[in-house]
There are 2 protein chains.
Amino acid sequence: MIARRDVFQAIADPTRRAMIGLLANKTLTINEVADNFSMSQPAISKHMHILTECGLVVMVKIGREKHCRANLKGLEEVTRWAGQYLVFWNQRLDALEDLLNADND
Amino acid sequence: MIARRDVFQAIADPTRRAMIGLLANKTLTINEVADNFSMSQPAISKHMHILTECGLVVMVKIGREKHCRANLKGLEEVTRWAGQYLVFWNQRLDALEDLLNADND
DNA sequence: TGTTTGCATAACCATTCGGTTATGAATTAA
DNA sequence: TTAATTCATAACCGAATGGTTATGCAAACA
């Protein structure tokens, strides 16, 4: 599965983040997804297409319906990237706290 | 500190992610940041401005120099958002694995 | 004091983005 | 077989994005 789209760019849009939230624990058709947003069906289709391009959503065509489910393993890249800096950052905060505590002793 | 810019949108650009990597453990001036990229100084300034708008970078003016340091606490929002789904996702994978193991018994 | 340095701002440009309406193809229902 | 449903695609639009060059201002240096 080759991600033709940067996952960071895919989740930059709040509508697409909401779509991921919707599909996290259930499979919905395109129309069912669209019911949750106040925008046209083609706009929904475009957003969903972008989510499939980076692998966060997988679509299975059944008859004339397209069933969409999330494939959230791709979010690991995001947590890994942000997480490394966050760990580092909290260590620095811890070090500062230690320093302050040492001063109090 | 009010974030006037969505942090997800700020980190969508790979150049800005690289800038965060640069500034994670050291303070650099705008020019020192610019030395690490092959684009014009105004382009660098714009990117850095966007990073300050969402609070991921703080700048202190000293004389004619502008010293930039990262403030990575804002990445918590990212890890929290992606993390919730990832935990959920791994639980589903674990459940699947348990199911497969049960079949093998 | 004149000149260089560090950075921002303005003006511009091409491309992408996020939306729309109109339409068409395929599948299902009547 | 005709009509309705599901979705994609095309064409279009305004605004935002990511870059450029030119320029100006303030601070530091000679």
Side-chain angles (χ1 to χ4, degrees), chain A residues 3-23 26-71 74 78 81, chain B residues 3-23 26-71 74 78 81:
Chain A
R4 292 162 297 167
R5 163 89 60 165
D6 187 335
V7 65
F8 288 92
Q9 199 261 330
I11 66 172
D13 185 84
T15 298
R16 287 195 291 268
R17 289 202 297 279
M19 286 172 166
I20 288 174
L22 258 181
L23 295 172
K26 52 180 176 289
T27 295
L28 296 178
T29 67
I30 293 281
N31 272 349
E32 286 167 342
V33 171
D35 287 342
N36 294 273
F37 300 91
S38 55
M39 63 179 72
S40 66
Q41 169 261 316
I44 301 292
S45 277
K46 282 189 191 179
H47 280 303
M48 293 298 294
H49 183 68
I50 289 172
L51 288 172
T52 60
E53 278 183 332
C54 68
L56 285 177
V57 164
V58 176
M59 302 209 260
V60 176
K61 197 175 174 185
I62 300 181
R64 66 184 166 187
E65 292 176 337
K66 222 156 183 180
H67 294 248
C68 314
R69 63 174 184 84
N71 178 24
V78 177
W81 180 83
Chain B
R4 292 161 298 168
R5 163 88 61 161
D6 188 332
V7 63
F8 288 92
Q9 198 262 330
I11 65 171
D13 186 86
T15 299
R16 289 195 289 269
R17 289 202 297 279
M19 286 173 168
I20 287 174
L22 259 182
L23 294 172
K26 51 179 176 290
T27 295
L28 296 178
T29 67
I30 294 281
N31 271 348
E32 286 168 341
V33 171
D35 286 343
N36 293 272
F37 299 92
S38 55
M39 61 179 74
S40 67
Q41 168 260 317
I44 300 293
S45 278
K46 283 189 191 178
H47 280 303
M48 293 299 294
H49 183 68
I50 288 172
L51 288 172
T52 61
E53 277 184 332
C54 69
L56 285 177
V57 164
V58 176
M59 301 209 260
V60 177
K61 196 176 174 184
I62 300 181
R64 66 185 166 187
E65 291 176 339
K66 221 154 184 179
H67 294 248
C68 314
R69 64 175 181 82
N71 178 24
V78 177
W81 181 82

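Naming convention: chains lettered A, B, ... in sequence-line order (proteins, then strands); numbering from 1 in each chain. This structure is a prediction, so every number in the text was calculated from the model and none was measured.
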Undergrad: Less than 4.5 Å apart, side chain to side chain, heavy atoms only: is that true for B:Ile11 and B:Leu56?
TA: yes
Undergrad: Atom CD1 of A:Ile30 and atom C1' of D:dT9: how far apart are they, to the nearest Å?
TA: 14 Å
Undergrad: Roughly, in whole Å, what's the span from CG in A:Asn31 to C1' in D:dA4?
TA: 13 Å
Undergrad: Tell me which nucleotide among C:dC7, D:dA8, D:dT20 gets nearest to the side chain of A:Met59.
TA: D:dA8
Undergrad: Within the structure shown, what part of the strands sits under 4.0 Å from B:Glu32 by heavy-atom distance: base, sugar-phosphate, or nothing?
TA: nothing
Undergrad: Which of these nucleotides, C:dA8, C:dC17, D:dA8, is closest to any side-chain atom of A:Ser45?
TA: D:dA8
Undergrad: Within this structure, what is the CD-to-P distance between B:Glu53 and D:dA16, rounded to whole angstrom?
TA: 13 Å
Undergrad: Are the side chains of B:Val78 and A:Phe8 in touch, meaning some heavy atoms are under 4.5 Å apart?
TA: no
Undergrad: Heavy atoms from C-beta onward define the side chain here; which of C:dG18, D:dG19, C:dC7 lies closest to that of B:Gln41?
TA: C:dC7
Undergrad: Mind checking A:Lys46 for me? I need base, sugar-phosphate or nothing, with any heavy atom below 4.0 Å counting as a touch.
TA: base
Undergrad: Of the nucleotides D:dA22, C:dA22, C:dG18, which has the atom closest to the A:Pro42 side chain?
TA: C:dA22
Undergrad: Calculate, to the nearest 0.5 Å, the distance between atoms CD and CE belonging to B:Gln41 and B:Met48 respectively.
TA: 12.0 Å
Undergrad: Would you kindly compare B:His67 and A:Lys61 by the position of their nearest DNA chain C nucleotide and give the one closer to the 5′ end?
TA: B:His67
Undergrad: Once you round to the nearest 0.5 Å, how far does NE2 of B:His47 lie from CD1 of B:Ile30?
TA: 12.0 Å
Undergrad: In whole Å, I'd like the distance from the CE atom of B:Met48 to the P atom of C:dA8.
TA: 9 Å
Undergrad: So A:His49, base contact, sugar-phosphate only, or nothing? Heavy-atom distance under 4.0 Å.
TA: nothing
Undergrad: Could you tell me the separation between the CZ atom of A:Arg64 and the C1' atom of C:dG24, rounded to a whole number of Å?
TA: 15 Å
Undergrad: Within this structure, what is the CD1-to-P distance between A:Ile44 and D:dT6, rounded to whole angstrom?
TA: 15 Å
Undergrad: Between B:Arg69 (side chain) and B:Val58 (backbone), is there a donor-acceptor pair under 3.5 Å?
TA: no
Undergrad: Go through the N and O atoms of the side chain of B:Glu65 and the base of D:dA27, and report whether any donor-acceptor pair is under 3.5 Å.
TA: no
Undergrad: Kindly say if B:Ser40 contacts the phosphate of D:dG19, meaning a side-chain N or O under 4.0 Å from OP1 or OP2.
TA: no
Undergrad: Roughly how many Å is it from NZ in B:Lys66 to C1' in C:dT5, rounded to a whole number?
TA: 15 Å
Undergrad: Atom CD of A:Gln9 to atom C1' of D:dA16: distance rounded to whole Å?
TA: 13 Å
Undergrad: Does D:dA16 have its OP1 or OP2 closer than 4.0 Å to a side-chain nitrogen or oxygen of B:Arg5?
TA: no
Undergrad: Output the single nucleotide from C:dG18, D:dC7, C:dT27 whose closest atom is nearest the side chain of A:Asp13.
TA: C:dG18
